[in-house]
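Structure first, then comments.
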Amino acid sequence: MEFVFNTFYLSSAEYAKIVGEINTNYSKYEGLAFAVHASYGINNRAYWYYFENHGYDNYNIYMRVEM
């Protein structure tokens with residue numbers, strides 16, 4: 001599946017953390033093509049993670065903005 005945006009690089013630890021949180025809260029994002037997930041990065045700073053949603057556990061995180 002092609003993504004609309006280029007993927008934003010996250011370390012494997014941060015990627016696993018954020019994707020795990022999105023999966024846990026998937027009912028909040030189900031049916032949305034694009035969504036934003038608020039969380040703390042592994043550096044304990046708060047971020048907005050913008051992602052394309054292609055179904056459960058199939059996301060393209062394309063932007064991270066510090067809150």
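Quick note: residue numbers are just sequence positions, from 1.
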Whether the side chain of Glu52 engages the backbone of Val4 through a donor-acceptor N/O pair (distance < 3.5 Å, no angle test) should be reported. yes
Under a side-chain separation threshold of 4.5 Å, the hydrophobic residues clustered together with Ile22 are Phe8, Leu10, Tyr15, Ile18, Val19, Tyr26, Tyr29, Tyr47, Tyr49, Phe51, Tyr56, Tyr59, Ile61
Let's go through Tyr50 and His37 carefully: what are the C-alpha distance in whole Å and the side-chain angles of both, what is the deciding distance for ring-ring contact (aromatic ring centres under 6.0 Å, His included) to 0.1 Å, and is it a yes or a no? CA-CA 6 Å; Tyr50 292 76; His37 177 73; over 10 Å; no
Any heavy-atom pair between the side chains of Phe3 and His54 that's under 4.5 Å? yes
Please determine whether residues Val65 and Phe5 belong to a single hydrophobic cluster, defined as Ile, Leu, Val, Met, Phe, Trp and Tyr linked transitively by side-chain heavy-atom distances below 4.5 Å. yes
Under the 3.5 angstrom rule, does the side chain of Asn53 hit a backbone N or O of Leu32 as a donor-acceptor pair? yes
Sorted by chain and residue number, the side-chain hydrogen bond (donor to acceptor under 3.5 Å, both in side chains) partners of Asn6 (sequence neighbours excluded) come out as none
Check whether Asn60 reaches the backbone of Tyr62 with its side chain - one donor and one acceptor, N or O, closer than 3.5 Å. no
Applying salt bridge (charged side-chain N to carboxylate O under 4.0 Å, His left out), which residue pairs with at least one partner in residues 18-41 are found, sequence neighbours left out? Lys17-Glu21
Output the distance between atom CG (Asn43) and atom CD (Glu66), rounded to the nearest 0.5 Å. 7.5 Å
Non-hydrogen atoms of Glu14 and Gly41 that approach each other most closely: OE2-CA, 3.7 Å
Testing the basics here: between Trp48 and Ala38, what is the closest heavy-atom pair and its distance to 0.1 Å? CZ3-CB, 3.5 Å
